[in-house]
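Inspection log for the structure reproduced underneath, given as structure tokens.
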Amino acid sequence: MKVSTEKLGNCQISLNIEAEAGELDKSLDEAYHHLVNEVSIPGFRKGKAPRAILVQHIGKKNLLDEALEHLVPQLYKQAIESQEIEPIARSEIEIIQTEPLVFKAIVSLKPEVKLGDYHGIKLGPSPVIEITGKEVAAAMEESRERQGAWVPVDRPVELSDLVTMNIQADVDGKPWLNHKDILYEMDKDSRSPVPGFVSHVQGAEKNKENTFSLTIPDDYPLKEMRGKEGTFNVTVTEIKEKQLPELNDELAKGAGYDNLEDMRKKVADDLKAKAEARNRLELRQKALDALVEISEVNYPPILEDEEITELLRNEAQRLGFRELTDYLKKANKTEEEIKQEVRPIAKKRLTQSLVLGKLAEEEKIEISSSEVDNKVDEITNDAEDKEKAKQFFSLPQVKQSIEQSLRTQKTMDQLLQIAIGNAENMTKGE
């Protein structure tokens, strides 16, 4: 076997492999002995037909294909071992010719990451978080909303009501919607079932038929309905408005607080904690963006393609599709169009992940088994079926995923600490 290599860039290398004549002959002989025991040939018992008869029966190409199916992987394995190459994914193999056998393998190699001087990253000082009385009042009003009760009223429909209705709708004369006794919240910004629907139901009286037409907008999710005329027939059968409780000690106790004053204090503390957490997340992202900006990252294209597939699979699951192929069919776009849309996101995520992985390596950041176990306990304690949750989180691949997530978080915290420490030192120096 003869092997030559060619660097292709983007962490890829081309292996050009030429088999010795004897290697192909041996593989053809092995293919013959395998096939002659599998193929039924008239006039011969299995395993007894001469090679020439077998070739005449199945064709020379099929015998060659059988031989190459076993020989090519063997030679490829020998080639990467002899060249001390470590592929990170399945290689693309192309047969150049068969006499003599010559084939090419495009091999994806480990990504290359060269970090910039991250010890020089400086972030501005963290802002002082102050929670205003207006913010506290708004949060307490939300608590009132959550404890509010829907009460039937005898008046025309108004915004923010909860109505029960029967609805029929045709689009260009073809049936589209036919629902009875459905609940519909009168949100002024609602685009369901189409923009403008709410304004036509507003003012409707109970048990009176209301017929109106709307044009389906050009950005409607269902492409085949865009720009068409929809005719709606709506009958409201019940109207409810939300009655809110008074803001007093009783409401506070219903929300789990000692009294109204205790509620105000704890709501303010909670708002401040959340604001500080958001601020920390923003600072961590700024530090990561700064590190990516000064670093050099090179990786094989297959990693970006895998990241795209993962993004699309997650989006498909989020939208309720069981299979990625089903999501792609419903998207009204070609697979290539969708992939190009998410490619910038995939590229950014992959680059950030590789940079963080290299930083974790440089900073020698490790996660202990006890840290993983503590995280699993934290998650499973909130589960309804704790035993089933523990079984799931005990799976090796799930624990590995948790470990990677914790390592990423710890690495980002370390980077932020470096950046904030530099900023504080700079401030002291000034």
Side-chain angles (χ1 to χ4, degrees), residues 1-42 44 46-112 298-310 312-313 323-325 328 334-340 343 346-347 350:
M1 176 183 67
K2 299 176 184 177
V3 182
S4 62
T5 62
E6 178 187 355
K7 289 187 177 180
L8 303 177
N10 292 328
C11 297
Q12 289 181 304
I13 192 171
S14 174
L15 281 179
N16 299 294
I17 304 167
E18 181 178 341
E20 300 291 345
E23 291 173 320
L24 180 56
D25 290 340
K26 181 183 176 184
S27 187
L28 284 167
D29 191 53
E30 291 171 350
Y32 157 68
H33 284 98
H34 171 71
L35 291 174
V36 78
N37 286 289
E38 298 291 326
V39 178
S40 297
I41 301 176
F44 296 91
K46 281 188 176 181
K48 299 300 181 181
R51 179 165 163 175
I53 299 298
L54 176 68
V55 171
Q56 185 180 354
H57 185 74
I58 67 171
K60 183 179 179 180
K61 182 180 183 302
N62 287 326
L63 179 65
L64 179 63
D65 288 346
E66 176 73 16
L68 295 180
E69 186 177 338
H70 295 85
L71 180 60
V72 168
Q74 291 172 9
L75 296 180
Y76 167 73
K77 184 179 179 182
Q78 292 172 20
I80 62 173
E81 288 176 353
S82 68
Q83 299 294 315
E84 297 182 343
I85 294 172
E86 296 182 10
I88 63 166
R90 179 174 293 183
S91 299
E92 299 176 26
I93 293 178
E94 177 188 0
I95 306 295
I96 306 300
Q97 63 183 58
T98 57
E99 295 181 8
L101 173 61
V102 179
F103 65 94
K104 178 173 68 174
I106 306 299
V107 185
S108 296
L109 304 177
K110 185 180 178 181
E112 299 169 350
N298 195 15
Y299 56 80
I302 192 170
L303 292 185
E304 195 170 295
D305 292 337
E306 289 174 352
E307 189 72 25
I308 288 172
T309 300
E310 183 66 18
L312 293 179
R313 185 179 289 114
E323 299 292 337
L324 177 57
T325 51
L328 294 174
T334 67
E335 183 175 344
E336 188 56 33
E337 286 175 337
I338 296 174
K339 287 184 174 181
Q340 289 305 318
R343 188 171 293 280
K347 186 179 182 69
L350 178 59

Next on the checklist: Hydrogens and angles aside, do Gln78 and Gln74 bring a side-chain donor and acceptor to less than 3.5 Å of each other?
Outcome noted: no

Next on the checklist: Working to the nearest 0.5 angstrom, can you tell me the gap between Ser27 OG and His34 NE2?
Outcome noted: 11.5 Å

Item to check | Under-4.0 Å salt bridge between Asp65 and Lys60 | outcome: no

Next on the checklist: With side chain to side chain contact (heavy atoms under 4.5 Å, CB included) as the criterion, how do Glu6 and Leu8 come out once you've worked through the C-alpha distance, each side chain's angles and the decisive distance to 0.1 Å?
Outcome noted: CA-CA 6 Å; Glu6 178 187 355; Leu8 303 177; 4.2 Å; yes

Next on the checklist: Has Thr309 got a side-chain atom pairing as donor or acceptor with Asp305's backbone, closer than 3.5 angstrom?
Outcome noted: yes

Checklist entry - Taking 4.0 angstrom as the limit, do Lys110 and Glu86 come out as a salt bridge? => result no

Checklist outcome for this item: Rounded to the nearest 0.5 Å, the NE2 atom of His33 sits from the CZ atom of Arg51 at a distance of 9.0 Å

Checklist entry - Does the side chain of Glu310 come within less than 4.5 Å of Glu306's, by heavy atoms? => result no

Item to check | Close side-chain approach of Val102 to Ile17, heavy-atom, < 4.5 Å | outcome: no

Next on the checklist: Is any side-chain heavy atom of Leu109 closer than 4.5 Å to one of Ile88?
Outcome noted: no

Item to check | Leu101 vs Leu75, side chain to side chain contact (heavy atoms under 4.5 Å, CB included): CA-CA, chis, key distance, verdict | outcome: CA-CA 11 Å; Leu101 173 61; Leu75 296 180; 4.2 Å; yes

Checklist entry - Atom CD of Glu38 and atom CD1 of Ile58: how far apart are they, to the nearest 0.5 Å? => result 11.0 Å

Checklist outcome for this item: Value for CD (Gln12) from NZ (Lys7), rounded to nearest 0.5 Å, stands at 13.5 Å

Next on the checklist: Taking atom CD as the centre, does Glu20 end up with more than 12 heavy-atom neighbours from other residues, nucleotides or ligands that are less than 6.0 angstrom away?
Outcome noted: yes

Checklist entry - In Å, rounded to the nearest 0.5 Å, how long is the span from NZ of Lys104 to CG of Leu15? => result 11.0 Å

Item to check | Under 3.5 Å: donor-acceptor pair, side chain of Gln97, backbone of Pro100 | outcome: yes

Checklist outcome for this item: Of Ile106, Ile85, Ile80, the one forming a side chain to side chain contact (heavy atoms under 4.5 Å, CB included) with Ile13 is Ile85

Checklist outcome for this item: Note: Lys46 and Asn37 closest approach over all heavy atoms is CD-O, 3.6 Å

Checklist entry - Judged by atom type as modelled, is there a donor-acceptor pair below 3.5 Å linking the side chain of Thr334 to the main-chain atoms of Glu337? => result yes

Next on the checklist: Tell me whether Asp29 contacts the main-chain N or O of Asp25 through its side chain, where contact means a donor paired with an acceptor under 3.5 Å.
Outcome noted: no

Next on the checklist: Is any side-chain heavy atom of Val107 closer than 4.5 Å to one of Tyr76?
Outcome noted: yes

Checklist entry - Got a second to check how far Ser108's OG is from Arg90's CZ, nearest 0.5 Å? => result 12.5 Å

Checklist entry - Yes or no on side chain to side chain contact (heavy atoms under 4.5 Å, CB included) for Leu54 and Tyr32, after CA distance, side-chain angles and deciding distance? => result CA-CA 8 Å; Leu54 176 68; Tyr32 157 68; 3.4 Å; yes

Checklist entry - Taking it one step at a time, do Glu304 and Arg343 satisfy side chain to side chain contact (heavy atoms under 4.5 Å, CB included)? => result CA-CA 8 Å; Glu304 195 170 295; Arg343 188 171 293 280; 2.8 Å; yes

